[in-house]
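Residue numbers start at 1 and run along the sequence shown.
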Amino acid sequence: MRAHVGDWIVVESLHLGGHRRRGQIVRLEHPDGTPPYVVRWIEDDRETVFFPGPEAHLEFRDEQTPHGHVSS
């Protein structure tokens, strides 16, 4: 996984009925875009260092519309 500042990370729930987390990458720890990432989570506006697992995927900032939805 390689990200850029401004990309979105989405973490799917591992449990049925669990919630999905979404956050924006605000800082990279490595210049090549590999994890970990500093992410600002939209549900509580906290910033954390995040190591993505298999339940996480990226939505690249170039795919986003101004309202934060994935363009088609």
Step-by-step side-chain contact (heavy atoms from CB on, under 4.5 Å) determination, H57 to I9: CA-CA 6 Å; H57 67 272; I9 192 141; over 6 Å; no

Contact list for residues 23-47, test ring pair (Phe, Tyr, Trp, His ring centres under 6.0 Å), sequence neighbours left out: W41-F50

Which atoms form the tightest heavy-atom contact between M1 and P52, and what is the distance? SD-CG, 3.5 Å

Would you check, one step at a time, whether the test side-chain contact (heavy atoms from CB on, under 4.5 Å) holds for R40 with D45? CA-CA 6 Å; R40 180 176 298 124; D45 205 35; 3.0 Å; yes

Under a side-chain separation threshold of 4.5 Å, the hydrophobic residues clustered together with L14 are none

Qualifying residues under salt bridge (charged side-chain N to carboxylate O under 4.0 Å, His left out), relative to E29, sequence neighbours excluded: R27

Should side-chain heavy atoms under 4.5 Å link Ile, Leu, Val, Met, Phe, Trp and Tyr, which residues sit in the same cluster as V26? V38, V49, F51

Within the distance-only criterion (no hydrogens, no angle test), does the side chain of D7 pair as donor or acceptor with the backbone N or O of H4 below 3.5 angstrom? yes

Residues joined to V10 in its hydrophobic cluster, side chain to side chain under 4.5 Å directly or through other members, sorted by chain and number, are none

Basic-acidic side-chain contact under 4.0 Å: R22, E59: yes

Residue list, salt bridge (charged side-chain N to carboxylate O under 4.0 Å, His left out) with R2, at least two apart or on another chain: D32

Over all atoms of both residues, closest heavy-atom pair of G18 and S13: CA-OG, 3.1 Å

Value rounded to 0.5 Å, distance of CD in E55 from NE2 in H15: 9.5 Å

